[in-house]
Asker: 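Input: one structure, supplied below.
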There are 2 protein chains.
Amino acid sequence: MLRECGVDHVKVEPLAERLAVTKGSFYWHFKNRNDLLRSLPEFWARSQTDPVVAHVETTAGSAIDKMRAILEFIAREDPDRYDNAMRAWAIFDPEVAAAVAQIDDRRMATVRALFEGAGLNPDDAAFRARLWYFYDVGEHVTRDTPVSVEERLERAQHRLKLLTSDLD
Amino acid sequence: MLRECGVDHVKVEPLAERLAVTKGSFYWHFKNRNDLLRSLPEFWARSQTDPVVAHVETTAGSAIDKMRAILEFIAREDPDRYDNAMRAWAIFDPEVAAAVAQIDDRRMATVRALFEGAGLNPDDAAFRARLWYFYDVGEHVTRDTPVSVEERLERAQHRLKLLTSDLD
DNA sequence: CCAATACCATACGCCGGCGTATGTTATAGT
DNA sequence: ACTATAACATACGCCGGCGTATGGTATTGG
């Protein structure tokens, strides 16, 4: 329900009906609605045992090779509406914003390390990782019309070229 | 209320109280709540008579000079929570998504034109504009902790350098 | 001057969702 | 076999928000 309609539609009774139980049962597992909501960010964060991070660690080759691997991996993944839902929530809830920011930082750190591995100094690497990562965020957040995998792959190549043309 | 809490908190009675009128009065101006909501995207779009576009047109100099002008302008602007609210809304509402996408396209087109003016072919210019613009989106959407103007200005310079280093 | 219209208030019925109090069943430990 | 506890169901009271019906006031054109 969070994914499809946003936090404000995560409500006890509709949720119970969807699970084919009664709300009496809900209040056995959660103290109240707020208790459920506060448990969601952690639940989400745990589900983000980043396949990306795992994927980059199993990839051999240079830093740029790994970057290419990441980009292809992400391009093939179908866009994660869960991420978007959390981000939408985070806009109005500082606690959630902090949780999301933590994940963002972790992901950016991965990319930053790769740029450092490609020879950039920490500052430049950090900024280039921001540029890299924010592009992902922008693509996800603004995706009102779906884009084909081919299109995404092509853009990924373009991005890699642009962000690493001065390296090697 | 949209800005501060999101669409789902745009409700008739709280709204009426905030305006120190009764809801009877509300239903004179709007058919119902949905009528109000559907009027909001257009209202927002109209408020986006882009100061940025206006600003770039009054700036003299080369394409890159104009880019610099844009970046400085945006860096000094305080982050627009209205934009974020619309974006959060758009995630769950295709109609709103279309409205926001229209604004996004318009803004990107401005940047794209500048990159073309700097000598890039349409495709490269389009992609680089995406990279440029999505960075803005990412910075706004992920801003849980505020950043100083100086920091933003420095990042703007960094961005300009990175995205135009091969031009001139 | 008065009636039409714009604008707002009052008052009501309704429903969805919250939380609680209390029952019911199944399972496991002793 | 008995009880404790986990997991669910039933049933209620409450409130916030929606929409409607109706009444009031003020301004304005004829």
Side-chain angles (χ1 to χ4, degrees), chain A residues 1-47 49 80-100 144, chain B residues 1-47 49 80-100 144:
Chain A
M1 306 205 91
L2 178 64
R3 273 206 305 252
E4 291 162 17
C5 305
V7 219
D8 294 304
H9 290 263
V10 178
K11 306 189 177 197
V12 176
E13 278 164 295
L15 204 62
E17 186 175 5
R18 182 142 158 179
L19 297 174
V21 292
T22 58
K23 66 175 179 168
S25 166
F26 170 86
Y27 283 97
W28 169 259
H29 297 278
F30 296 93
K31 205 168 127 275
N32 50 30
R33 177 174 179 265
N34 217 344
D35 185 31
L36 167 66
L37 293 189
R38 280 185 295 100
S39 80
L40 283 180
E42 194 192 333
F43 183 79
W44 168 76
R46 205 184 302 277
S47 85
T49 0
D80 189 353
R81 313 240 312 115
Y82 207 158
D83 266 42
N84 276 348
M86 287 300 295
R87 230 172 265 287
W89 187 7
I91 288 177
F92 303 108
D93 188 319
E95 279 190 39
V96 179
V100 175
D144 66 319
Chain B
M1 306 204 92
L2 178 64
R3 274 204 306 251
E4 292 162 17
C5 306
V7 219
D8 295 304
H9 286 80
V10 178
K11 307 189 176 196
V12 177
E13 278 167 83
L15 205 62
E17 185 174 6
R18 182 141 159 180
L19 298 174
V21 292
T22 58
K23 66 173 179 171
S25 165
F26 171 86
Y27 284 96
W28 171 260
H29 297 278
F30 297 92
K31 205 167 128 275
N32 51 30
R33 176 173 181 266
N34 216 343
D35 185 31
L36 167 66
L37 293 189
R38 280 185 297 100
S39 81
L40 283 180
E42 194 193 332
F43 183 79
W44 169 74
R46 206 184 302 276
S47 84
T49 357
D80 189 352
R81 311 241 314 118
Y82 206 157
D83 266 42
N84 277 347
M86 288 300 295
R87 228 171 266 286
W89 186 7
I91 287 178
F92 304 107
D93 188 319
E95 280 192 40
V96 179
V100 174
D144 65 321

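Atoms considered below: every heavy atom in the structure, side chains included; atoms not considered: hydrogens, waters and symmetry mates. Chain naming here is simple, since letters A, B, ... match the order of the sequence lines and numbering starts at 1 in each.
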Asker: When the distance from CZ of R18(A) to P of dG17(C) is rounded to whole Å, what number comes out?
Answerer: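 Those two atoms, CZ and P, are 13 Å apart.
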Asker: On the nucleotide dC7(C), are OP1 or OP2 found under 4.0 Å from the side-chain N or O atoms that W28(B) carries?
Answerer: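 So the side-chain polar atoms of W28(B) do come within 4.0 Å of the phosphate oxygens OP1 or OP2 of dC7(C), strictly under.
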Asker: How long is the gap from CG on D8(A) to CE on M1(A), to the nearest 0.5 Å?
Answerer: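 Here the rounded value is 12.5 Å.
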Asker: How close or far is atom C1' of dC15(D) from atom CZ of R33(A), stated in whole angstroms?
Answerer: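 To the nearest whole Å, that distance equals 15 Å.
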Asker: Rounded at 0.5 Å granularity, tell me how far CG in L36(A) sits from CG in L15(A).
Answerer: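 L36(A) CG to L15(A) CG: 6.5 Å, rounded to 0.5 Å.
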Asker: Mind calculating the distance between CZ (F26(A)) and C1' (dA9(D)) to the nearest angstrom?
Answerer: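 The answer, rounded to whole Å, is 16 Å.
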Asker: Assign each of K31(B) and K23(A) to its nearest nucleotide of DNA chain D by heavy atoms, then name whichever residue's nucleotide is nearer the 5' end.
Answerer: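 Taking each residue's closest nucleotide, the earlier one in sequence belongs to K23(A).
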Asker: Return the nearest nucleotide to the side chain of T22(B); candidates are dT10(C), dC18(C), dC18(D).
Answerer: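 The nucleotide sitting nearest to the side chain is dT10(C).
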Asker: Does any non-hydrogen side-chain atom of W89(B) lie less than 4.5 Å from one of L37(B)?
Answerer: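 Yes - at least one pair of side-chain heavy atoms lies under 4.5 Å apart.
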Asker: CG of D35(B) versus P of dT20(D): gap in Å, rounded?
Answerer: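 It works out to 12 Å between those atoms.
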Asker: Between A20(A) and N34(B), which residue's closest nucleotide on DNA chain D lies nearer the 5′ terminus?
Answerer: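 Mapping each residue to its closest nucleotide by heavy atoms, the 5'-most match is A20(A).
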Asker: Tell me: CG of N32(B) to C1' of dG17(D), nearest whole Å?
Answerer: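 That distance rounds to 13 Å.
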Asker: Both G24(A) and E13(A) contact DNA chain C. Taking the nearest nucleotide for each, which residue is further toward the 5' end?
Answerer: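 Its nearest nucleotide lies further toward 5', so the answer is E13(A).
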Asker: Take the protein atom CG of L19(A) and the nucleotide atom P of dA9(D), then report the distance between them rounded to whole Å.
Answerer: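 These atoms are roughly 10 Å apart.
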Asker: Could you tell me the separation between the CG atom of L15(B) and the P atom of dG19(D), rounded to a whole number of Å?
Answerer: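 So the CG-P distance, L15(B) to dG19(D), works out to 13 Å.
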Asker: Without swapping roles, check the side chain of R87(A) against the backbone of V100(A) for a donor-acceptor pair under 3.5 Å.
Answerer: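 A pair under 3.5 Å: no.
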Asker: Do the non-hydrogen side-chain atoms of P41(A) and E95(A) ever get within less than 4.5 Å of each other?
Answerer: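 Sidechains of E95(A) and P41(A): no contact.
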Asker: Kindly state which residues belonging to residues 1-11 of chain A come within less than 4.0 angstrom of DNA chain C, counting heavy atoms of the residue only, listed by number.
Answerer: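 Output list: K11(A).
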Asker: I want to check one thing: is the phosphate of dA6(C), taken as OP1 and OP2, less than 4.0 Å away from some side-chain N or O of H29(B)?
Answerer: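 No, H29(B) has no side-chain N/O under 4.0 Å of OP1/OP2 on dA6(C).
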Asker: With A45(B), which residues qualify under side chain to side chain contact (heavy atoms under 4.5 Å, CB included), at least two apart?
Answerer: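 In terms of side chain to side chain contact (heavy atoms under 4.5 Å, CB included), with neighbours along the sequence ignored, A45(B) is linked to I103(B).
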Asker: Using modelled atom types and a 3.5 Å cut-off, is there a donor and acceptor pairing between side-chain atoms of R81(B) and backbone atoms of L2(B)?
Answerer: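 Checking the backbone N and O of L2(B) against the side chain of R81(B), no donor-acceptor pair under 3.5 Å is found.
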Asker: In whole angstrom, what separates E17(A)'s CD from dA9(D)'s P?
Answerer: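 Distance check: E17(A) CD to dA9(D) P gives 12 Å.
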